[in-house]
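Structure record follows, encoded as structure tokens.
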Amino acid sequence: MDPPAPQLRIFPDRAAASAAAAALLAEEVRAANARGRRAVLGLATGKTPIDVYRELVERHRRDRAAKSSWDVETFNLDEYHPIAHDHPVSFHAFMRAHLFDAIGLAPARRHLPDGTTPNADVPAAAAAYEAAIVAAGGIDVQLLGIGANGHIGFNEPGSARDSRTRRVALAESTRARVAAEFGGIDRVPTHAITMGIATILDARKIVLLAFGAEKARALRAALAPPPRPELPASFLQEHRDVVVIADEAAAARAR
Ligand code: F6R
């Protein structure tokens, strides 16, 4: 039987959509913890989830005030390669700034692909990353953004359904989009380490965020059958539990 179609939830604006996404993540954490389990979250970086993390930090603060602590372990989708952990545009730095430090997440519970791994050691490090996800019990809920070219994680167009964590070349359009943050396109890494499509689809639940008119075409293409490597986000159609949280602008072409 075909999996059910992704559930599309449309909000008037990014703020309302971000609040809904944060509520959903916080509920996953509480539900897992209430069953005596640590919650395992798959996390994304970029402009899209910034307000989600702000809301999540606020929810964590309120729960802590109510003497309810969160037991969480996190795995990020990707990291540039090579890049130093303390590079201001690294995803390590992003996560510290937007979430990890504010919720006091222990360093041992934070996992990101390592942008400092020598090229020759990447296959072993990637296999270890996959093994760490399995050892944690698998990802309960994976947060995703979507690239204007339909990428998820840094699985650029052409990525295979069975891809796993690996080193990939970034699309030129992906590099161009972050050129200003790096101080020029020449300073943007040409490669990254990313979870694969198969890694992402192993998560028990997936939350795809799409905000703004620049994502409208990609979101519409992602929801249109069939799943295809040219539009990596379309592989989400093969997952049984995908929630798309979009603002009106991103959803304009998807309905
Ligand atoms: C980030 C990631 C990427 C972004 C995507 C959208 O960890 O994996 O797939 O989610 O490039 O980026 P923004 O949110 O900046 O539009």
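These numbers come from the heavy atoms of this one structure, side chains and all, not from hydrogens, waters or symmetry mates. Quick caveat, the model's predicted, so the values are computed rather than measured. In each ligand, atom 1 is the first atom listed, and ligand 1 is the first ligand listed.
- Atom numbering of ligand 1 starts at 1 in the shown order; those under 4.0 Å from a heavy atom of G153 are 2 (C), 3 (C), 8 (O), 9 (O).
- In terms of the salt bridge (Lys or Arg N to Asp or Glu O under 4.0 Å) criterion, residue partners of E58 (sequence neighbours excluded) are, by chain and number, R61, R62.
- Without hydrogens or angle criteria, H87 side chain to A93 main chain gives no donor-acceptor distance under 3.5 Å.
- Aromatic ring orientation, F75 versus Y129: perpendicular (interplanar angle above 60°, classes split at 30° and 60°).
- The main-chain N or O of I197 is found under 3.5 Å from a side-chain atom of S163 such that the two form a donor-acceptor pair.
- When only non-hydrogen protein atoms are considered, atom 10 (O) of ligand 1 lies nearest to G145 CA, 3.3 Å.
- Scanning for side chain to side chain donor-acceptor pair (under 3.5 Å) contacts around R109 gives an empty result, with sequence neighbours left out.
- Across all their heavy atoms, N76 and M195 have their closest contact at O-CE, 3.5 Å.
- Formation of a donor-acceptor pair under 3.5 Å by the D140 side chain with backbone atoms of V40 is found in this model.
- Between H98 and F94, the ring-plane angle classifies as tilted under the 30° and 60° cut-offs.
- For atom 12 (O) of ligand 1, the closest heavy atom belonging to the protein is R177 NH1, 3.8 Å.
- Regarding atom 14 (O) of ligand 1, its nearest protein heavy-atom neighbour is T48 OG1, 2.4 Å.
- Within the 4.0 Å heavy-atom criterion, the part of L77 lying near ligand 1 is the side chain and not the backbone.
- When heavy-atom distances to ligand 1 are checked against a 4.0 Å cut-off, D78 comes that close only through its side chain, counted from C-beta outward.
- Of the polar atoms of G46, none of the N or O atoms is found under 3.5 Å from an N or O of ligand 1, judged by distance alone.
- Contact atoms of ligand 1 toward H151: 3 (C), 5 (C), 9 (O), 11 (O) (distance under 4.0 Å to a heavy atom of the residue).
- Taking a 4.0 Å cut-off on heavy atoms, I146 registers as neighbouring ligand 1.
- Where the criterion is an N or O separation shorter than 3.5 Å, residue side chain and backbone included, E214 fails it with respect to ligand 1.
- Among protein heavy atoms, the minimum distance from atom 1 (C) of ligand 1 is reached at T45 OG1, 3.2 Å.
- With atom 16 (O) of ligand 1 as the reference point, the heavy atom nearest to it among K215, K47, M95 is part of K215.
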